[in-house]
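In this text the structure is predicted, and so the values were computed from the model without any measurement. In what follows, chains are A, B, ... by sequence order, proteins preceding strands, each numbered from 1.
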Amino acid sequence: MIEELGWAALGIAAGVVAGLVPGIHSNTIAFMALLLPLEKNLSFAVFLTSMSVTNSIVDAVPTILLGAPSEENAAGILPGHEMLMRGRGLEAIMLVVFGGLSAIIAGIFLLPVFYSLATKYETVVPIVIPVVTAASFAMMVASEKKALHALAVAVLSGALGIISLQKVENAVFVLITGFFGITGLVETVTGNVQPPKQTLEVSGKTGLRLPLLAAFTSGFTALFPGIGPTQATVTITNFVKGIDSKSYLVLTGGINVGNVMFSILMLYAIEKGRTGLAVALQNFISMDLNMLFILLAAAAMAAGAAVILTEKIAVAAASKVTGKSYRKISALVLAFLVALVGLTSGVHGLIACLAATGTALFCTRSGVRRSQCMAFLLFPTLVFYLG
Amino acid sequence: MEIGLDKVKYIGLTLGFAGFLVLLFLTPDYTTIRPSEAKKELLGEKVSITGEVKNLFMRNGNVFFDLENNGTIKGVFFRPSIEHTSLLRNKALVQVKGTLSVYRDEMEVIVEKVKQLD
């Protein structure tokens, strides 16, 4: 008992460290943790779960304050950056954090629903996914004023996604860095882009409709292969009306964290790993009902601790990201991300990243929303389900 | 219904505390006993027993052994991991954690964890 609680606390600490490092996502740390010379037992499973949940909440801080996206939080980088430039970066972070926390609470009540769906309809409902994805893509392009430019960006991004996912290691991280990270960081380093002094008091309000939507969406994300939190966020916002920047951030956080929780449920219900955490757990635990409840309790405890820690870290960090220091920090982050791409994916990764950056630059210069670049995930999803 | 973002940390505190309580309740608490103290009254209890491994053999991926420490109790570990298998060898001094059970009218411990002591 004490042992498991101790490992949960260690997992929270490890998740905070991993969450603050730009570019490190929960799949990577789950697999890296498996390499540690530790006994693979219940305590280790609790450690992994706590670390993954904490990481998925804390990584809102570098995503929004530094413009360094993670695979799961990439959808939130643009509205988050927009709020940062209005001096409300802290509010943006807390919106993402609130989304994650409340999706876990809502998700706990939805567990029986998704358990039932998973055990009865896993082989039937995936037929809907390619239809929804194709419709989402069409709506994304059609909603732009410059539809032809948007189509060009989407086709370029989609082709890059399909090729890179086959040829490049860690392709999703590489392309997200290129599409959403490097462009913004280069603009900050070379231009006169400096965030104003940030409001250091947590303020603002948000509704409760979105966490429920996020919990539902993350449940389906965990149920079906080929759909990650970022694609799910982009897809759902094309179908649901009234999603403004703030709502987008709540959804991003909710779907990201909810996905981790529901992946544990899917491991129990259908014995399939849909996230790095679930695949790692599959290696050494046999999932029964007691184990499911233990891991969900660990996830809840980690989420609660992560929220409190993230607020404290965000307040401290937000006071530093103003003025001339921001350009230096952005340059460091840029160099770090490029080095990470090179180290993890080699020359092919750097080329893919450069291509993604070029596409994103064309996108912004054409007056097209950068979210069109998300086609790099939507196209491969369509190919996966139709191929 | 709207919620202030300054209240989020209190919701987090509540959820974290709830998760802590559930984890406290669900994770097993092992009672340390000697082999001679394994009686039928403790059937189903989570126990921790230290002793020397004897008469070890494997069958169908399961490990069977006796654990001796001023008394003897039978132990069975169903499909142990490679790490656990390497710890269980004859004359090794180990601490096993598991559930007390009875098989063919003999007390045994169904092992969940093994820790090497020597």
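Each of B/Val8, B/Val22, B/Thr14 has some count of heavy-atom pairs under 4.5 Å with chain A, and the biggest count is that of B/Val8. In terms of heavy-atom pairs under 4.5 angstrom with chain B, the leader among A/Ile308, A/Thr310, A/Ile294 is A/Ile294.
Contacts of A/Leu296 with chain B are absent, with no heavy-atom separation under 4.5 Å from either backbone or side chain. Looking at A/Ile105, only its side chain comes within 4.5 Å of chain B, counting heavy atoms on both sides. Using a 4.5 Å cut-off between heavy atoms, B/Lys97 contacts chain A through its side chain alone, with no backbone atom that close. Of the two parts of A/Leu42, only the side chain, counted from C-beta on, holds a non-hydrogen atom closer than 4.5 Å to a non-hydrogen atom of chain B.
Within 6.0 Å of the CG atom in A/Leu289, the count of heavy atoms belonging to other residues, nucleotides or ligands exceeds 12.
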For this session: Could you give me the CA-CA distance, side-chain angles and deciding distance for A/Glu4 and B/Lys113, then say whether salt bridge (charged side-chain N to carboxylate O under 4.0 Å, His left out) is met?
Result: CA-CA 13 Å; A/Glu4 280 80 20; B/Lys113 299 182 197 183; 3.3 Å; yes

For this session: Could you check A/Asp244 against A/Ser247 for side chain to side chain donor-acceptor pair (under 3.5 Å), going step by step and ending with a plain yes or no?
Result: CA-CA 5 Å; A/Asp244 59 7; A/Ser247 307; 2.6 Å; yes

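Taking the six-membered ring for Trp and thresholds of 30 and 60 degrees, A/Phe47 and A/Trp7 have ring planes more than 60 degrees apart, a perpendicular arrangement.
B/Glu68 and B/Lys74 are not joined by a salt bridge, as no carboxylate oxygen comes within less than 4.0 angstrom of a charged side-chain nitrogen.
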